[in-house]
Amino acid sequence: MNAVYDPHAIEAQAQNYWDESESFRATESGEGEKYYCLAMFPYPSGRLHMGHVRCYTLGDVINRYRRLKGHNVMQPMGWDAFGLPAENAAIKNGIPPASWTKDNIAYMRNQMKRLGFGIDWSREFATCDPEYYHWEQWLFVKLYEKGLVYRKNSIVNWDPVDQTVLANEQVVDGRGWRSDAIVERREMAQWFLKITDFAEELLEELDNLPGWPESVKSMQRNWIGQSQGVEIDFQVVGDETTALTVFTTRPDTLLGATYVAVAPEHPLAQAAASENQEIATFIDECKQATTAEADLATMEKTGLPTNASVLHPLTGAELPVWVANFVLMEYGSGAVMSVPGHDQRDWEFARKYDIPVVQVIEPLGDEACDLAVAAFTEHGRCINSGEFDGLSFEEAFNGIADALAAKDAGRRVTNYRLRDWGVSRQRYWGCPIPMIHCDEEGCGVVPVPESDLPVILPTEVEFEGVRSPLTTMDSFLNCECPKCGKPARRETDTFDTFMESSWYYARFASHDANSPMVDDRVNYWAPVDHYVGGIEHAILHLLYARFYFKLMRDEGLVQGNEPFTNLLMLGMVLQDGKKMSKSAGDAGDPQKLLDRYGADTVRTAMMFAAPPDQSFEWSEAGLEGAMRFLKRLWGLVQEHTQTQAPDLDLETLTEPARELRRKTHTALQRADDDYGRRIQFNTVVSGVMELCNAVSKFPVESEQDQAVVVEALKMAVVLISPIAPHIAHDLWQTLGGSGALVDARWPELDESALEQTSLTLAVQVNGKVRGQIEIAAEASKEDILAAAKAEDNVVRHMEGKTIRKEIVVPNKLVNIVVG
RNA sequence: GCCCGGGUGGUGAAAUUGGUAGACACAAGGGACUUAAAAUCCCUCGGAGGCAACUCCGUGCCGGUUCGAGUCCGGCCCCGGGCACCA
């Protein structure tokens, strides 16, 4: 027995025990229902930060709790190893991305081990391993053959000085972050995955995910953005063969359309530019803009009229065609109809350029409607719309849709905001896109044959400037066309790193599979039962991962429809108001905290700081308190295990001993609910603290008192063990627990210990607390009210008034309404 | 701009289904022990008034529903996340 709590010795011992016993090696033949617990794998940026500590501790707490509950748990770990920072480090320090990444992984793996996470390290991999990305390339070729992959032009941020494509993050105030040159929009051929083919399924399946937070489902629904509307053709004047097609959710306002606007890249705009210098200049200016939607949404809306015009499909009126900076070629057809009377953006544009504003909808009730002040955007009743006058929104929607259909000038469509997934990146440190470009006629773009996969990314590279070394590396570039055998060139673009993070959860289940991608073990482990990660991934990563799972399903690789059953979205850990992954340097490095306090204290402080879904500013203030608590628990256990306690004899317990047992089992009940249902661990810590406080205050006067205290301490140790597993491992042995705690089972609740003979109720008069009464637990409503009305302060507040109402809330309070 | 969150003492927070606001901690102040310090233990700790009993006010702001609102509804303010090439 040790009088002093020595976290470093205890933690090393516990970790050795787990290693040697292979406690966390997960097998498909393990006992109990499988439980796949996964925290989002990290980008190996260098060192862990406190955001990582929080995320992986939370995952580990769930893992260890489920294990206590008898599940066959798997908790793997790997590395999201491709990405921009490795290239930046290479450009800055001349270190090749592969070795930089490898060193970071080694360092971070050690930190994770030091934190005592119950990870099955035998399943570890990094996404930059060819054995991993091999199968990503394989699936991409399969999808290409199925027609789910295509190539089209798309706009990127182009740095004219560095001659390179920039990520949105690398564009600061419209300039390249390195060159400071004004960034241009440039079109480039890119590979796309047809995620829009799955828009409907991705939307509908959200209803089958009760284990996901509503907020995340809502964000995904809005992102997918299903809308019912009508596609309308506007015949171009002077060109019988061409029509501008626009989509609208408000066909009821069609008679109020006063102009049509097209994107700067639209052929009509381009044609106008060739005849008009002013338009050409305007279009050039539009090119100097970011591709980020947030900027597009807030920038000033500008435009110019062209000479072109179109015919209104119902009235035949000529409407002018404008070029406008807010219309995007990427969305739909690159053209919109504008109804300034009933759309606020169109209204502002029309007012600015003196375009007529026509009212065609009037309010149904008394909503404000003054088109001189603002557009009227609510649904209403049609006016100034000829045969459609007087119709409601639904009637007009249908009437106008039918009228257009009859003229073959429109059709009802379901539209999605979701766009296809552009997966090409003009970067070196990523998975090579397995495609070959051949100049021979009839060849063109040819996928790399399955037998030639993987296309391995060369890791011995030198960066000259900022461009991808692949673009100038002959040994990589030159190849044979798989179709005609003549010299051809490899694709030098690599995949978006979201490609790797979209299926790693499945690979963990069969990390060494040589059959395509995954083998049958995946169907034991998948879906992930609990997926833990930052709220910043609520849309893109989770949507792509869901999409990928469906692609794999359709390929016959996995069963089921969704990859993640339960989702825990973490708030962010902030440092000086910024999120950890964005703050510079080692500000958030937990290493010195681990050295000073040990893993259990760091874990406990982190769990105690805030509930999982809440963002908070990290502060070291809580560490001393967490350390103090663990020391106290340590001391209490040492103090009460000096002599052997007898078995509990419930019949002979004193009233205070029964009270302590009640607290012990209340703590169990609440911890079970917090761990299992509420996923709120800060209150588990405070619950165990309360139990320890109760033990401290409890005077041991008999052997049975000691037995009750030992039961309480054993409870405290088991309940805190998912959070502080090392000290719990040690104290469990001191307390005479059987076997290792890591293999123990969750304690059984003794319902009889929870029973109370008397209750304290609050008494309110007119909703304000005026006193308390102590009353037998089985007292009737009449008894309770009588006691309440006898309470001194209550009597005073009721004096001279008439009782209007009496409310008794069982086990809580009484409210007497007087007047 | 749009979508999704959040706002409670000096600080982190608790209050689970509309039922006693501030549990549990941190910091601070006071005390015990000590030659001293550390550690540990005890007490106080939302604001105002009062010797006290107790009273009034108080969960970002304004309004509403209710016997009762931190919790529900309407309107605002501020902060955070995401917006498709950061991961």
Side-chain angles (χ1 to χ4, degrees), chain A residues 40 42-43 45 80 82-85 156-157 165-171 190 213-216 218-223 225 291-299 330 345 418-427 496-498 501 534-541 543-544 569 571-572 574 577 579 581-582 605 608-611 613-617 619 621-626 628-629 631-632 635 670 673-674 677-678 680 682-683 685-690 693 696 760-772 792-793 796 804-807 809 811-818:
Chain A
M40 291 178 184
Y43 178 78
S45 52
D80 190 14
F82 280 135
L84 266 187
V156 294
N157 301 309
V165 174
L166 297 178
N168 284 337
E169 190 188 51
Q170 298 171 309
V171 180
Q190 316 255 333
E214 273 311 319
S215 58
V216 173
S218 179
M219 279 189 255
Q220 295 221 346
R221 277 189 197 104
N222 290 328
W223 185 262
T291 56
E293 197 195 322
D295 298 324
L296 295 171
T298 47
M299 72 185 179
E330 316 250 284
R345 186 187 62 190
L418 182 69
R419 312 203 297 263
D420 276 336
W421 178 11
V423 296
S424 298
R425 296 292 180 272
Q426 296 70 40
R427 305 214 213 301
D496 176 5
T497 57
F498 275 127
S501 55
I535 183 69
E536 67 272 25
H537 295 295
I539 297 178
L540 288 179
H541 163 61
L543 191 68
Y544 291 143
M569 291 273 90
M572 240 147 322
L574 308 172
K579 63 175 167 175
S581 55
K582 296 286 179 195
F608 189 48
D613 57 358
Q614 191 168 312
S615 294
F616 71 101
E617 183 87 12
S619 137
L623 285 160
E624 288 295 338
R628 203 172 295 160
F629 160 62
K631 273 186 190 164
R632 199 138 85 132
R670 291 186 52 188
D673 196 38
D674 285 348
R677 182 183 64 88
R678 299 178 70 207
Q680 179 171 286
N682 52 332
T683 45
V685 179
S686 53
V688 176
M689 283 174 172
E690 281 178 74
N693 291 345
S696 294
T760 306
L761 302 186
V763 184
Q764 299 182 331
V765 179
N766 287 346
K768 292 197 174 188
V769 180
R770 297 301 182 187
Q772 307 238 318
D792 284 355
N793 201 38
R796 198 165 337 131
R804 307 268 183 223
K805 204 168 181 177
E806 291 168 336
I807 293 142
V809 182
N811 304 328
K812 299 254 172 169
L813 59 72
V814 177
N815 187 14
I816 299 164
V817 184
V818 297

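Everything numeric in this text was worked out from a predicted model, so none of it was measured. Here is the naming used below: chain letters follow the sequence lines, and residue numbers restart at 1 for every chain. Below, all heavy atoms of this structure are taken into account, side chains as well, without hydrogens, waters or symmetry copies.
Taking the C1' atoms as reference points, B:A13 lies 8 Å from B:A25, given to the whole Å. Using C1' as the reference atom, B:G49 and B:G58 are 15 Å apart when rounded to the nearest Å. Here the separation of B:A36 from B:G50, taken at their P atoms, is 39 Å to the nearest Å. Taking the P atom of each, B:G29 and B:G64 are spaced 44 Å apart, rounded to whole Å. Remark: the separation of the P atoms in B:A52 and B:C33 is 29 Å, to the nearest Å. Comparing B:C51 with B:A38, their C1' atoms are spaced 40 Å from each other, to the whole Å. Taking the C1' atom of each, B:G70 and B:U16 are spaced 14 Å apart, rounded to whole Å. To the nearest whole angstrom, the two P atoms, one in B:G80 and one in B:G75, are 24 Å apart.
With rounding to whole Å, A:M572 atom CE is found 17 Å from B:C4 atom P. The CE-C1' distance, from A:M689 to B:A14, rounds to 13 Å in whole Å. The separation between A:Q614 atom CD and B:G12 atom P is 10 Å, rounded to whole Å. In this structure, the CD atom of A:E617 is 20 Å from the P atom of B:C26, given to the nearest Å. Note: CE (A:M569) to C1' (B:G6) measures 17 Å, nearest angstrom. We find that CG of A:N168 is positioned 5 Å from P of B:C86, with the value rounded to whole Å. The CG atom of A:D613 sits 10 Å away from the C1' atom of B:G6 (whole-angstrom rounding). The distance between atom CG of A:L540 and atom P of B:A84, rounded to the nearest whole Å, is 8 Å.
Minimum atom distance to the side chain of A:R678 is reached by B:U16, of the listed B:A84, B:C24, B:U16. Nearest to the side chain of A:F608, among B:A25, B:G1, B:U40, sits B:A25. Relative to the side chain of A:A294, the nucleotides B:C67, B:C83, B:C86 differ in distance, and B:C83 lies closest. Nearest to the side chain of A:V769, among B:G19, B:U20, B:C54, sits B:U20. Taking only side-chain atoms of A:E169, from C-beta outward, the nucleotide of B:C86, B:C56, B:A87 with the closest atom is B:C86. Listed candidates were B:G19, B:A13, B:U55. Nearest to the side chain of A:F616 is B:A13. Taking only side-chain atoms of A:M219, from C-beta outward, the nucleotide of B:G81, B:G19, B:A27 with the closest atom is B:G81. Considering only the side chain of A:W223, B:A84 comes nearest among B:C4, B:A87, B:A84. When distances are taken from the side chain of A:R427 to each of B:G1, B:G82, B:C85, the shortest belongs to B:C85. Listed candidates were B:G12, B:A87, B:A15. Nearest to the side chain of A:Q680 is B:A15.
Using a 4.0 Å heavy-atom criterion, one finds that A:R221 contacts no nucleic acid atom at all. Across all strands shown, A:V165 has heavy atoms under 4.0 Å from base atoms, whether or not it also approaches the sugar-phosphate. Within 4.0 Å of A:E214, counting heavy atoms only, lies no atom of the nucleic acid at all. Using a 4.0 Å heavy-atom cutoff across all strands shown, A:D674 reaches no nucleic acid atom at all. No contact: A:S45 has no heavy atom under 4.0 Å from any strand. Here A:G622 lies out of heavy-atom contact (under 4.0 Å) with every strand. Nucleic acid contact for A:A626: none, since no nucleic acid atom lies under 4.0 Å from a heavy atom of the residue. Residue A:R804 is out of contact with every strand shown, counting any heavy-atom pair closer than 4.0 Å. Residue A:I816 is classed as having no contact, given no heavy-atom separation below 4.0 Å to the nucleic acid. Heavy atoms of A:V156 sit under 4.0 angstrom from at least one base atom. Using a 4.0 Å heavy-atom cutoff across all strands shown, A:K768 reaches sugar-phosphate atoms only and no base atom. Contact annotation for A:P611: backbone-only contact, meaning every heavy-atom pair under 4.0 Å involves sugar-phosphate atoms and none involves a base. Within 4.0 Å (heavy atoms only), A:H537 reaches at least one base atom of the nucleic acid. Heavy atoms of A:S501 sit nowhere under 4.0 angstrom from any nucleic acid atom.
Across all their heavy atoms, A:S615 and A:M572 have their closest contact at OG-N, 2.8 Å. Counting all heavy atoms, side chain and backbone alike, A:A610 lies closest to A:F616 at CB-CD2, 3.8 Å. Between A:G534 and A:M569, the closest heavy-atom pair is O-CE, 3.7 Å. Listed here is the closest heavy atom pair of A:T683 and A:S686: O-OG, 3.2 Å.
Within a 6.0 Å radius of CZ in A:R770, more than 12 heavy atoms belonging to other residues, nucleotides or ligands are found.
For A:E806 and B:C67, a side-chain-to-base donor-acceptor distance below 3.5 Å is absent, hydrogens and geometry of angles not being considered. For A:N222 against B:C3, a side-chain-to-base donor-acceptor contact under 3.5 Å is absent. Judged by distance alone with a 3.5 Å cut-off, no donor-acceptor contact links the side chain of A:Q764 to the base of B:U20.
With both pairing distances under 3.5 Å, B:C83 is matched to B:G1 as a Watson-Crick or G-U wobble pair. In this structure, B:C26 forms a base pair with B:G10, meeting either the Watson-Crick or the G-U wobble geometry with both donor-acceptor distances under 3.5 Å. Base pairing of B:C41: its partner is B:G31, meeting the Watson-Crick or G-U wobble criterion (both donor-acceptor distances under 3.5 Å). A 3.5 Å limit on both hydrogen-bonding distances identifies B:G75 as the Watson-Crick or G-U partner of B:C61. The partner of B:U16 is absent, by the rule that a Watson-Crick or G-U pair needs both atom distances under 3.5 Å. The base-pairing partner of B:C56, taking Watson-Crick or G-U wobble contacts with both distances under 3.5 Å, is B:G47.
Judged purely by atom type and a 3.5 angstrom limit, A:N157 uses its side chain to pair as donor or acceptor with the backbone of A:L166. When atom types are taken as modelled, the side chain of A:Q170 and the backbone of A:A167 share a donor-acceptor pair closer than 3.5 angstrom. Put simply, the side chain of A:Q220 gets close to the backbone of A:A538: a donor and an acceptor are under 3.5 Å apart. A:D496 contributes no side-chain N or O that, together with a main-chain N or O of A:R425, makes up a donor-acceptor pair within less than 3.5 Å.
For the atom pair CD1 of A:I816 and CG of A:N766, the computed distance is 9.5 Å after rounding to the nearest 0.5 Å.
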